[in-house]
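Here the structure is laid out as C-alpha cells; the discussion comes afterwards.
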Amino acid sequence: MTNADESYHYQIIGRAIKEIDVAEGNLSLDELAARIGLSPAHFQRVFSKFVGVSPKRYQQFLTLSHAKTLLRERFSTLATTHSVGLSGQGRLHDLFLRWEAMSPGEYAKRGAGLTIFWGWFDSPFGPSLVMGTDKGICGIGFSEETGPELAFQDLISRWPNANFVEDPMFLEPWVLAAYDMKPGETGKTPLHLIGSPLQIKVWEALLTIPSGHVTTYGDIAEAIGKPRAVRAVGTAVGRNPVSWMIPCHRALRKSGALGGYHWGLPVKRALLAWETADMESTEPAGGLSEMASKAASG
C-alpha cells in the first residue's frame, strides 16, 4: 500500500470517528457511510480493515460507560508491572520503543542548541503534528479540537530555545511505523523524551501500561514512589508531549471518569476505543466481546 493510500484511509477513519463522536446516539451503517460519502459496503470494508472491528462495535467503545468498563476489566496494576523497577524500554502494542531521556541539565536549557524537525501527518485521530530530534520523536499533538495554529504553538513552547525546521520527510519513517504498529517490527520509532525528572518518571510509567488497558493517576503516583503526589502526577500526565506513543490517554480518574486530555476528550475517547478495537480483533473469542457487551449495556 502506498503512502497516498494510507493518507486516504486515515482521512476516512478520522472523519468517521468525528461523525460518530458528535452524533446523538449510534449511527446506522447507512447513515455513517452517507456522511462520509461512500457506499455502505465500501465504507464497512475500509473501516473494518483499518480499525479491526465494525463501525457498530466501535461506537460501543466510544461510550462514556466504556471507560468505567475498562477500569473494571482492563485495569493495569503498575505495582506488578514495576516489580523489577522502571526499565529503559517500554512496549506499545507489539512495537518496542527505543527511548532516551534528555538530562536535567539539558532540559534546563529549554532546547538551546537543539534542532527539532517537524511536519504534519494524517492519523486515524485527525491531523497530527509530529516533532523529533536526530535521536527520535519528541512531540506528537492532535489538532482536531485545538486547530493547527494552537497545536503548533503548544508544542514549540515546550522548547522555546530550540531551532525548529520543517522537514516531514525526515520524520516520515518513524511516523509511519508509529501509526502502523506492525507486530514484530522492533526499534523503528525511537523517542527522545524532553522533560523534568518527575515528568520523565511519569512518562516511563505510562509506557509500561499495555495497550487496551488503563490505570489511575493514583496508581501511577504509587508506582513512581510518590503516593502523595497525585496532583503533580496528573499535571505531568497532561504535559506529556508525545501523545499516542506515550499513552497518557490510558490514565483515568479513580471513579472511572475520563479526566482531562490535553488535545480534547473526543480524541481521548477515540484513542481508547481504537486500542480496544485492536485488542478485540486479535483476542480469542470471548475476551473483549464480553466486555463490549457490558459497555454497550452501560
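The first residue of the sequence shown is numbered 1, and numbering continues consecutively from there.
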Would you mind reporting whether [Y] and [X] have side-chain heavy atoms less than 4.5 Å apart?
X	Y	result
Pro241	Trp159	yes
Gln44	Pro55	yes
Ile220	Leu206	yes
Met131	Ile156	yes
Ile224	Leu198	yes
Trp263	Glu144	no
Leu129	Asp154	no
Ser128	Trp244	no

Val242: which of Val130, Leu191, Leu207 passes side-chain contact (heavy atoms from CB on, under 4.5 Å): Leu191
ring-ring contact (aromatic ring centres under 6.0 Å, His included) between Phe152 and Trp118, worked out: CA-CA 9 Å; Phe152 185 78; Trp118 64 272; 4.8 Å; yes
Rounded to the nearest 0.5 Å, what separation is found between the CD1 atom of Ile137 and the CD1 atom of Ile116? 12.5 Å
Only distances under 3.5 Å count here; give the side-chain donor-acceptor pairs of residues 27-40 to other protein atoms, sequence neighbours excluded, each with its distance to 0.1 Å.
from  : atom 1 : to    : atom 2 : distance (Å)
Ser28 : OG     : Glu31 : N      : 3.1
Ser28 : OG     : Glu31 : OE1    : 3.4
Glu31 : OE1    : Ser28 : N      : 2.9
Arg35 : NH1    : Glu19 : OE1    : 3.2
Ser39 : OG     : His42 : N      : 3.2

Check: Arg158 side chain, Arg239 main-chain N or O, donor-acceptor pair, under 3.5 Å: yes
Okay, side chain of Ser123, backbone of Gly126: is any donor-acceptor separation there less than 3.5 Å? yes
For the residue pair Trp174 and Phe170, does the interplanar ring angle fall in the parallel (under 30°), tilted (30 to 60°) or perpendicular (over 60°) class? perpendicular
